[in-house]
Novice: 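Take this structure first; my questions come after.
Each chain gets a letter, A, B and so on, in the order its sequence line appears, and its residues count up from 1. Keep in mind that what you see is a predicted model, and the values were worked out from it rather than measured.
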Number of protein chains: 2
Amino acid sequence: MRLRQLECFRALMLHGTMTRAAELLGMSQPGISTMIAGLEHETGLTLFLRRGGRLQPTPEAKLFYVEAARALEAVENASRVAAEIRSGRRGHLAIAAYPSISIKLLPRLLSQFARDRPELQVKIITRNSATVRELVSTQQFDLAVAELPLDYPTSHMEVFSYDCMCMLPHAHPLAKLKQITPDDLDGVPFVTLFRGDPIYQQLASAFSEYGARWNVVAETEFFSTACQLVAEGRGVGIVDPVVSKPFTEGLAIRPFRPRIQYQIAILSPTHEAPSQMAQDFVKLLRRALRA
Amino acid sequence: MRLRQLECFRALMLHGTMTRAAELLGMSQPGISTMIAGLEHETGLTLFLRRGGRLQPTPEAKLFYVEAARALEAVENASRVAAEIRSGRRGHLAIAAYPSISIKLLPRLLSQFARDRPELQVKIITRNSATVRELVSTQQFDLAVAELPLDYPTSHMEVFSYDCMCMLPHAHPLAKLKQITPDDLDGVPFVTLFRGDPIYQQLASAFSEYGARWNVVAETEFFSTACQLVAEGRGVGIVDPVVSKPFTEGLAIRPFRPRIQYQIAILSPTHEAPSQMAQDFVKLLRRALRA
DNA sequence: GTCCATTATAGCAGATTCGTATAGTCGTCC
DNA sequence: GGACGACTATACGAATCTGCTATAATGGAC
């Protein structure tokens, strides 16, 4: 059974005569005739009665038509889906990401991305960076975003480095400084990430290097939590300038010296090539993370 | 998009290598190769990555596979349905029939008919004979069975004539006779069809011809109702020997003279050729009505 | 009877399909 | 590192299929 036969059959059922069906399909009447003859021969069904040079569909033709039309639609649908995939309107994105970026930046980028992709399905799994790094190897994600360092080096990985900024309430006396150093923060209540975090290590070294007293009053797991504590006046702290930006509205942000480096990476599963969709989204994400 | 391309694609997705897919489809490996290349070219999708002489399906291929498989199934289903139609296992029968035959004989024949036709859909519309005769012209039925006479002669019509039999309780004194005439029924309580029915006319003539008194104690619309009245001892009556047979179990049935003729007909719509299914069922019905 | 609309058949050119032969690529085993 | 095995890609030719034009055949309308 060939598709062209089914198309001719459908056109013929819909338009009554071979001549009209031929016009509709942009082919000649004899073409239709042989197609239908072939279909009848192959199915073994008498689809039309030839009465006085005219065609009359048999009850069998009407029964078969239902299935033929359904089959054609399925094929046409497959064709349409192929076009949607090609143009990037259809696909799915499964993303594993660490919390701070999952809360604001990623949803924002994804909804922007989905705007002209009507058939896009999105899945975001939020885990702490360590877990995200493990998940990458399960190959169940198109994409992952985690903070460095990585325990295992992953082949496809794109690193983004930031110098952390000092954040403090606008009303804070130090907010008038252009740049802040550990000296300025000697004994000042400070909100930081947990002791195990690279940020903690770097801050500890920085304060000790400057001979300043680091007055830690709160430790949090995420920058976003730290931001909120600072906003509430609990102390000052440092954040990355990009991912955490949405959380620092209403706070003063100043450069901090010495450099406290914060690194995140876009990770791609190694076994499989990324989908076009994933590549497109990475472009958008990359632009946002470079900003 | 050609079916063969989709078949090759499916086999390749299912079996991993072109070589194996080719074996499964009974064709050569280069054949698969060109088919896949054609499909990739036509859809514009990169379905497989060629890595070291091996194929690896892209995420796009996995997305497209779902639709491709669905389309193939739909076509294969159409093909199967065609075979079912050809072999008479699939189809529908819309039958209009008058009540007496709708109650027992038709359901019995239809369930027998359906036994080896798993996909048969049956519709029985029960109306009195006059309405059935009108319905035939609406062309909505494959088949109709009505009592004669017809108001309009219908072109396709097959008539069955019966001599009515006298029915009476086994305990009735007349049950010992081999044959019954109006003389025997002089003044005997009698159950008959309505006054408008040809049966009524014929009976009236018969009794008057024999100079016997016709003692009508009940008039019914259907033979089946009359049978039940006779079974209840309300009187004696006459019935046709075939269609009403299921209703006369437990009653004595004797030939009646003079002949009271009862005629029914199988009617076929004229505009359209009957389906193979309908023709097959008519064969069965004809055998039953001839018996 | 002639005209008109329709379907069917024949013959041909071009496209498609699919086989064989063969080359290229990569991993593995010795 | 070289031979082997498993796989894919390309070239080319034969067979088939497709779909065209030309034309015959049929039957209804006037």
Novice: Strictly below 4.0 Å: does Ser28(A) bring a side-chain N or O up to OP1 or OP2 of dG19(D)?
Specialist: no

Novice: Please state how far atom CE in Met27(B) lies from atom C1' in dT20(C), giving the value in whole angstrom units.
Specialist: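 One finds 14 Å between C1' of dT20(C) and CE of Met27(B), rounded.
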
Novice: Rounded to the Å, how far apart are Leu49(A) CG and dT7(C) C1'?
Specialist: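 After rounding, the gap between these two atoms is 14 Å.
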
Novice: In whole angstrom, give the distance that lies between atom CD of Gln56(B) and atom C1' of dT25(C).
Specialist: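 Distance, rounded to whole Å: 16 Å.
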
Novice: Hydrogens and angles aside, do Asn77(A) and Glu73(A) bring a side-chain donor and acceptor to less than 3.5 Å of each other?
Specialist: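 Distance-only check fails for Asn77(A) and Glu73(A).
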
Novice: Does any N or O in the side chain of Ser111(A) come within less than 3.5 Å of the main-chain N or O of Pro107(A), such that one atom is a donor and the other an acceptor?
Specialist: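 Such a contact is found between Ser111(A) side chain and Pro107(A) backbone.
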
Novice: Has Thr34(A) got a side-chain atom pairing as donor or acceptor with Pro30(A)'s backbone, closer than 3.5 angstrom?
Specialist: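 Flag set: sc Thr34(A) to bb Pro30(A) pair under 3.5 Å.
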
Novice: May I ask you to decide if Glu119(B)'s main-chain N or O and Arg89(B)'s side chain share a donor-acceptor pair within less than 3.5 Å?
Specialist: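 It does not hold such a pair.
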
Novice: Would you say Gln56(B)'s side chain and Leu49(B)'s backbone share a donor-acceptor pair under 3.5 angstrom?
Specialist: no

Novice: Taking CD1 from Ile32(B) and P from dG19(C), how many angstroms apart are they, rounded to a whole number?
Specialist: 9 Å

Novice: Sequence neighbours left out, what passes ring-ring contact (aromatic ring centres under 6.0 Å, His included) with Tyr98(B)? Give chain and number order.
Specialist: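 Not a single residue meets the ring-ring contact (aromatic ring centres under 6.0 Å, His included) criterion with Tyr98(B).
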
Novice: Which parts of nucleotides 3-16 of chain D does protein reach within less than 4.0 Å, heavy atoms only, written one letter per nucleotide 5' to 3' as B for base, S for sugar-phosphate only and - for none?
Specialist: ---BSBBB------

Novice: Considering only distance and modelled atom types, tabulate donor-acceptor pairs under 3.5 Å from the side chains of residues 283-291 of chain B, sequence neighbours left out.
Specialist:
from, atom 1, to, atom 2, distance (Å)
Arg286(B), NE, Glu158(B), OE1, 3.2
Arg286(B), NE, Glu158(B), OE2, 2.6
Arg286(B), NH2, Glu158(B), OE1, 3.1

Novice: Starting from C1' on dC18(C), measure out to CG on Leu3(B) and report it in whole angstrom.
Specialist: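 Atom-to-atom, Leu3(B) to dC18(C), this comes out as 17 Å.
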
Novice: Let me know the distance between CG of Leu25(A) and C1' of dC20(D), rounded to the nearest Å.
Specialist: 15 Å

Novice: Quick one: does Gln276(B)'s side chain have a donor or acceptor within less than 3.5 Å of a partner on Glu60(A)'s backbone?
Specialist: no

Novice: Can you list the residues that meet the ring-ring contact (aromatic ring centres under 6.0 Å, His included) rule with Phe113(A), with sequence neighbours excluded?
Specialist: Phe281(A)

Novice: Under 4.0 angstrom, heavy atoms only, what part of the nucleic acid is Gly26(B) near: base, sugar-phosphate, or nothing?
Specialist: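 The residue Gly26(B) makes sugar-phosphate contact but no base contact.
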
Novice: Restricting to nitrogen or oxygen on both sides, can you table the protein-nucleotides 13-17 of chain C pairs closer than 3.5 Å?
Specialist:
from, atom 1, to, atom 2, distance (Å)
dT17(C), OP1, Arg2(B), NE, 2.8

Novice: Using a cut-off of 6.0 Å, state whether more than 12 heavy atoms not belonging to Gln121(B) lie near its atom CD.
Specialist: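 At most 12 heavy atoms, drawn from other residues, nucleotides or ligands, come within 6.0 Å of this atom.
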
Novice: Start with the C-alpha distance between Arg80(B) and Glu67(A), add both sets of side-chain angles, then the distance that settles salt bridge (charged side-chain N to carboxylate O under 4.0 Å, His left out), and finish with yes or no.
Specialist: CA-CA 10 Å; Arg80(B) 213 193 53 241; Glu67(A) 304 303 321; over 6 Å; no

Novice: In degrees rounded to 10°, what angle is found between the helical axes fit to the five outermost pairs at each end of the helix from dG1(C)-dC30(D) to dC30(C)-dG1(D)?
Specialist: 10°

